[in-house]
Q: 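Please see the structure below; I have some questions.
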Amino acid sequence: NWGDNLDACLADVVKSGVSAYEPGLSGLEELKKLTPLLKKHKLLLPSVYVNSTLHKAEEAEKSIADALAIADEVKKLGAKIMVTNPSPIRWGSAELKSDQELMEQANNMEKLGIALRQKGITLAYHTHDVELRAGAREFHHVLLNTSPANVSFCFDVHWVYRGSQNSQI
């Protein structure tokens with residue numbers, strides 16, 4: 001089971017010929033456990049994945065602060081990209097964000113992107129299928145209301161395919 005013995009898991013990653021690792025980090029404690037294993041296995045850390053809640057003002061401030069704290073530490077390990085998938089209303093739900101929530105989210109993504117860029121890290125927006133519902137409303141809103149200088153796009157073709165309801169066209 002992935003992660004039960006992260007040391008053994010990362011040893012297998014190296015055996016497979018992979019030289020870099022992109023962890024999904026939930027916080028600094030997880031990073032503290034991972035750091036010595038990355039060094040032990042000589043794995044590069046060019047990017048990290050950090051979830052965030054950016055559509056609710058009261059939660060966004062904490063998400064941004066947590067992401068920036070992680071950024072300070074992963075930069076020391078060579079990370080240059082932080083990937084984030086802003087949390088949906090409810091994981092696994094088809095419920096869509098309101099216009100106000102989308103405006104809040106885009107503003108907070110821009111704010112996070114600016115702060116990360118000042119640290120020398122690129123923010124990459126990652127989507128799942130929910131952002132592509134309703135004519136890709138959330139996806140388009142975020143990309144149209146953030147600056148390419150501050151928010152890049154992490155293109156996960158599998159999620160785009162799923163978001164188009166597995167359409168071949």
Side-chain angles (χ1 to χ4, degrees), residues 2-3 6-7 9-14 16-56 59-88 91 97 102 104-132 136 138-163:
W2 179 261
L6 194 52
D7 188 21
C9 291
L10 293 178
D12 285 344
V13 165
V14 172
S16 76
V18 172
S19 61
Y21 180 61
E22 182 187 83
L25 297 172
S26 60
L28 290 173
E29 288 304 313
E30 191 174 11
L31 182 59
K32 286 178 187 174
K33 293 175 188 173
L34 177 63
T35 298
L37 296 175
L38 292 171
K39 292 176 181 178
K40 175 182 176 180
H41 295 289
K42 298 182 176 107
L43 283 165
L44 300 173
L45 187 76
S47 61
V48 295
Y49 184 99
V50 177
N51 276 329
S52 57
T53 300
L54 299 175
H55 65 283
K56 296 179 180 181
E59 292 179 42
E61 190 174 320
K62 180 178 182 338
S63 276
I64 291 170
D66 291 348
L68 294 175
I70 290 170
D72 288 336
E73 296 305 313
V74 298
K75 183 173 171 107
K76 296 174 190 173
L77 299 171
K80 298 201 180 308
I81 300 169
M82 178 176 285
V83 178
T84 194
N85 173 238
S87 295
W91 288 102
K97 293 172 184 162
L102 289 179
E104 181 73 32
Q105 178 171 294
N107 289 337
N108 286 318
M109 285 194 75
E110 184 75 4
K111 181 178 175 182
L112 176 58
I114 290 168
L116 287 171
R117 187 168 49 83
Q118 291 170 347
K119 295 176 180 294
I121 295 178
T122 298
L123 175 62
Y125 172 44
H126 177 89
T127 62
H128 289 143
D129 58 341
V130 69
E131 294 88 354
L132 299 167
E138 182 171 339
F139 171 79
H140 289 296
H141 181 82
V142 168
L143 292 181
L144 289 171
N145 291 283
T146 57
S147 164
N150 300 320
V151 180
S152 295
F153 180 58
C154 174
F155 189 32
D156 185 329
V157 295
H158 173 73
W159 279 111
V160 169
Y161 173 70
R162 287 180 64 179

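The basis for the numbers below is simple: all heavy atoms, side chains too, and nothing from hydrogens, waters or symmetry mates. Since the structure is predicted, the reported quantities are computational estimates derived from the model, not experimental observations. Index from 1, following the sequence.
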Q: Roughly how far, to the nearest 0.5 Å, is CD1 of Ile64 from CG of Asn108?
A: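 The CG atom of Asn108 sits 4.5 Å away from the CD1 atom of Ile64.
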Q: When you check the side-chain N and O atoms of Asn145 and Glu110, is any donor under 3.5 Å from an acceptor?
A: no
Q: Between Phe139 and Phe153, does the ring centroid distance fall short of 6.0 Å?
A: yes
Q: Just wondering, are more than 12 heavy atoms of other shown residues or ligands nearer than 6.0 Å to CD in Glu61?
A: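 Open: at most 12 neighbouring heavy atoms sit under 6.0 Å from CD of Glu61.
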Q: To the nearest 0.5 Å, tell me how far Leu45 CG sits from Thr35 OG1.
A: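 One finds 8.0 Å between CG of Leu45 and OG1 of Thr35.
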Q: Apply side chain to side chain contact (heavy atoms under 4.5 Å, CB included) to Thr127 and Asp156, showing your working.
A: CA-CA 7 Å; Thr127 62; Asp156 185 329; 5.8 Å; no
Q: Please report the closest heavy-atom contact between Val50 and Thr84, naming both atoms and the distance.
A: O-OG1, 2.6 Å
Q: I'd like to know if the side chain of Ser47 and the backbone of Ile81 have a donor-acceptor N/O pair within less than 3.5 Å.
A: no
Q: Return the CG to CG distance between Leu31 and Leu38, rounded to the nearest 0.5 Å.
A: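 It is 8.0 Å, given to the nearest 0.5 Å.
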Q: Nearest heavy-atom pair of Leu123 and Asn150: which atoms, and what distance?
A: CB-O, 3.6 Å
Q: Do Leu28 and Glu73 have side-chain heavy atoms sitting under 4.5 Å apart?
A: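 In short, these two side chains touch, coming nearer than 4.5 Å.
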Q: We want to know whether Ser152 and Thr122 form a side-chain donor-acceptor pair, criterion being a heavy-atom distance below 3.5 angstrom.
A: no
Q: About how many Å separate CD1 of Ile114 and OG of Ser147, when rounded to the nearest 0.5 Å?
A: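 Rounded to the nearest 0.5 Å, the OG-CD1 separation comes to 7.5 Å.
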Q: Look at Glu29 together with Lys32 and state whether they make a salt bridge at an N to O cut-off of under 4.0 Å.
A: yes
Q: Using a 4.5 Å cut-off on heavy atoms from C-beta on, say whether the side chain of Leu143 contacts that of Tyr125.
A: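 Counting from C-beta outward, Tyr125 and Leu143 do come under 4.5 Å.
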Q: Look up atom CG in Asn107 and atom OG1 in Thr146, then write down how far apart they are to the nearest 0.5 Å.
A: 10.0 Å
Q: Just by modelled atom types, is the Ser52 backbone N or O under 3.5 Å from a matching donor or acceptor in the Ser87 side chain?
A: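 Checked: pair present.
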Q: Looking only at non-hydrogen atoms, find the nearest pair between Val160 and Leu132 and report the distance.
A: CA-CD1, 3.4 Å
Q: Applying the side-chain contact (heavy atoms from CB on, under 4.5 Å) criterion to Leu54, which one of Glu104, Glu59, Met109 satisfies it?
A: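 Answer after filtering Glu104, Glu59, Met109: Met109.
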Q: Please work out whether the ring planes of His126 and His128 are parallel, tilted or perpendicular, with thresholds of 30° and 60°.
A: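 Taking His128 first and then His126, their aromatic rings stand perpendicular (interplane angle over 60°).
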Q: Are side-chain heavy atoms of Glu22 and Val83 found at a separation under 4.5 Å?
A: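 A side-chain contact under 4.5 Å exists here.
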Q: Considering only heavy atoms from C-beta outward, does the side chain of Tyr21 approach that of Leu34 to under 4.5 Å?
A: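 Of all side-chain heavy-atom pairs linking Leu34 with Tyr21, at least one is under 4.5 Å.
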Q: When you measure from the side chain of His141 to the backbone of Leu102, do you find a donor-acceptor pair of N or O atoms at a distance under 3.5 Å?
A: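 Checked: pair present.
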Q: Does this structure show an ion pair linking Glu138 with Lys97, if we count only N-O contacts that are shorter than 4.0 Å?
A: yes
Q: Which atom names give the shortest non-hydrogen contact between Ala20 and Pro46, and what distance separates them?
A: CB-CD, 3.7 Å
Q: Measure the spacing between CD1 of Ile70 and CG of Leu116 and express it to the nearest 0.5 Å.
A: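 So the gap between those two atoms works out to 10.5 Å.
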Q: Looking only at side-chain N and O atoms, does Asp7 offer a donor or acceptor that is under 3.5 Å from a partner on His41?
A: yes
Q: I'd like to know if the side chain of Lys75 and the backbone of Lys119 have a donor-acceptor N/O pair within less than 3.5 Å.
A: yes
Q: Check this for me: does any side-chain nitrogen of one of Lys33 and Glu30 sit under 4.0 Å from a carboxylate oxygen of the other?
A: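 Result for this pair is no, no salt bridge flagged.
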